[in-house]
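This is a predicted model, so every value here is computed, not measured.
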Amino acid sequence: MSMLLSSFALQAQRTTEFFYLGNVYCKTKAGVEQRFPYLPVYLSLQEKPNDIIAVTMTNASGTASFKGVPIDPYKHHILTVHLPSGTYRFRETAIEKNPGFTGNISTHIRLDAMEKYLTVSTIVPKKEDSDKLALDLATNAIKGAKRKGVTISDAEGLNYKLFISGRMVQTKKQADALLKITGEMLDKIVITHPIQANDYFAGSIDFFLIDFPAEKLVPMDFSLERL
């Protein structure tokens with residue numbers, strides 16, 4: 001689940017009936033869309049931009065979900081991403097009245113251009129790895145990493161965000177499924193580390209299953225206001 005910070009006081013208007021969901025993307029000069037996978041996205045109130053409410057990470061398709069994070073949709077929020085080229089902030093305008101629905105509020109982020117913000121390593125399981133747990137294969141491939149259940153952390157104690165075929169592990173059902181995945185079920189394991197260290201995530205580990213259907217991408221043509 002996305003990390004909630006306990007220092008943020010509960011307010012009467014905060015609810016999980018609405019949640020922010022959007023893609024982080026850019027377009028080349030030729031108009032080709034590119035997504036930003038495994039990128040941390042920070043959420044705060046516009047009135048307190050430096051007080052982080054929650055941090056999530058985009059999935060393999062560049063989608064950032066804050067599902068499960070209590071928000072006050074009647075207040076302006078800021079979504080922030082940090083890249084080697086700088087810090088970029090975008091405003092989600094508050095809703096003025098009850099929209100008559102609940103669920104996700106689109107928070108798409110358009111950046112200027114793709115840049116290198118991760119280091120990526122790929123593990124292709126060998127024949128002798130067939131019976132080994134995927135979680136152990138990933139842990140053993142990272143120097144100093146430790147595993148406890150479905151949590152993998154680095155030597156500094158920061159956790160990795162875990163994904164199954166590009167989809168973030170957020171529910172108990174997904175976690176239980178991950179505990180049963182072995183090497184023979186895997187196409188590959190993709191491990192990323194941010195070029196710029198942060199205080200929330202060590203990186204990401206994505207367990208790609210054999211013949212698992214890829215997520216279909218919807219082309220983007222709008223985004224939040226950049227501040």
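Closest of all the heavy-atom pairs between P194 and A202 is CD-O, 3.2 Å. Heavy atoms only, all atoms of each residue included: R35 and M114 are closest at O-CE, 2.9 Å. In terms of heavy atoms, S85 sits closest to Y88 at OG-OH, 2.7 Å. When all heavy atoms are compared, the tightest approach of P125 to L186 is CG-CB, 3.8 Å. Nearest approach of I205 to A138, heavy atoms of both residues: CG2-CB, 3.8 Å. Nearest heavy-atom pair across V169 and A175 is CG1-N, 3.8 Å.
Hydrophobic clustering, with ILVMFWY side chains joined whenever heavy atoms are under 4.5 angstrom apart, keeps L158 apart from I52. Hydrophobic clustering of Ile, Leu, Val, Met, Phe, Trp and Tyr side chains at less than 4.5 Å, counting indirect connections, unites V120 with M168. Transitive grouping of hydrophobic side chains (ILVMFWY, heavy atoms separated by less than 4.5 Å) brings M185 and L135 into a common cluster. Both L179 and I189 sit in one connected hydrophobic cluster of ILVMFWY residues. Membership requires side-chain heavy atoms under 4.5 Å apart, directly or through other members.
Residue pairs meeting the side chain to side chain donor-acceptor pair (under 3.5 Å) criterion with at least one partner in residues 101-112, sequence neighbours excluded, are D112-R226. Within the structure, every pair that satisfies the side chain to side chain donor-acceptor pair (under 3.5 Å) test and touches residues 147-159, not counting sequence neighbours, is listed here: D136-R147. Sequence neighbours left out, not one pair with a member in residues 122-143 passes ring-ring contact (aromatic ring centres under 6.0 Å, His included). Annotation: ring-ring contact (aromatic ring centres under 6.0 Å, His included) contacts involving residues 110-155, sequence neighbours excluded, comprise F36-Y117. Sorted by first and then second residue, the salt bridge (Lys or Arg N to Asp or Glu O under 4.0 Å) pairs involving residues 174-191 (not counting sequence neighbours) are K172-D176.
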Enumerate donor-acceptor pairs with a distance under 3.5 Å from any side-chain N or O in residues 17-25 to protein atoms, sequence neighbours excluded.
from: Y20; atom 1: OH; to: H77; atom 2: ND1; distance (Å): 3.1
from: N23; atom 1: OD1; to: T63; atom 2: OG1; distance (Å): 2.5
from: Y25; atom 1: OH; to: F222; atom 2: O; distance (Å): 2.9

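Side-chain contact between I53 and V69: present, with at least one pair of heavy atoms (C-beta onward) separated by less than 4.5 Å. A 4.5 Å side-chain heavy-atom check between I181 and L133 finds every atom pair outside the cut-off. Looking only at side-chain heavy atoms (C-beta outward), K161 and Y38 stay at 4.5 Å or farther from each other. Looking at D129 and L137, their side chains come closer than 4.5 Å, going by heavy atoms from C-beta outward. Counting heavy atoms from C-beta outward, S121 and I191 have side chains that approach closer than 4.5 Å.
Residues forming a side-chain contact (heavy atoms from CB on, under 4.5 Å) with E128 (at least two apart in sequence, or on another chain): K126. Residues passing the side-chain contact (heavy atoms from CB on, under 4.5 Å) test with T80, sequence neighbours excluded: Y42, I78, H82, T87, R89. Listed by chain and number, the residues in a side-chain contact (heavy atoms from CB on, under 4.5 Å) with A155 amount to none (sequence neighbours excluded). Applying the side-chain contact (heavy atoms from CB on, under 4.5 Å) test to Y74 and every residue at least two apart in sequence or in another chain returns Q13, D72, I95, N98. Considering only residues two or more places apart in sequence or on other chains, E96 meets the side chain to side chain donor-acceptor pair (under 3.5 Å) condition with none of them. In this structure T192 satisfies the side chain to side chain donor-acceptor pair (under 3.5 Å) test together with S204, sequence neighbours excluded.
Checking each of T56, N59, V81 against L39 for a side chain to side chain contact (heavy atoms under 4.5 Å, CB included) leaves exactly one that passes, namely V81.
Judged by distance alone, the side chain of E225 and the main-chain N or O of F90 form no donor-acceptor pair under 3.5 Å. Panel note: side chain D206, backbone G166; a donor-acceptor pair is recorded below 3.5 Å. Within the 3.5 Å criterion, the main-chain N or O of I71 finds no donor-acceptor partner in the side chain of R14. The closest donor-acceptor contact from the side chain of K48 to the backbone of N50 lies at 3.5 Å or more, if one exists at all. Between the side chain of S44 and the main chain of P49, a donor-acceptor pair closer than 3.5 Å is present. In this structure a side-chain-to-backbone donor-acceptor pair under 3.5 Å is present from S165 to L209.
Taking the six-membered ring where the residue is Trp, the centroids of F208 and F163 are separated by 6.0 Å or more.
Under 3.5 Å, the side chains of Y160 and H193 contain a donor-acceptor pair of N or O atoms.
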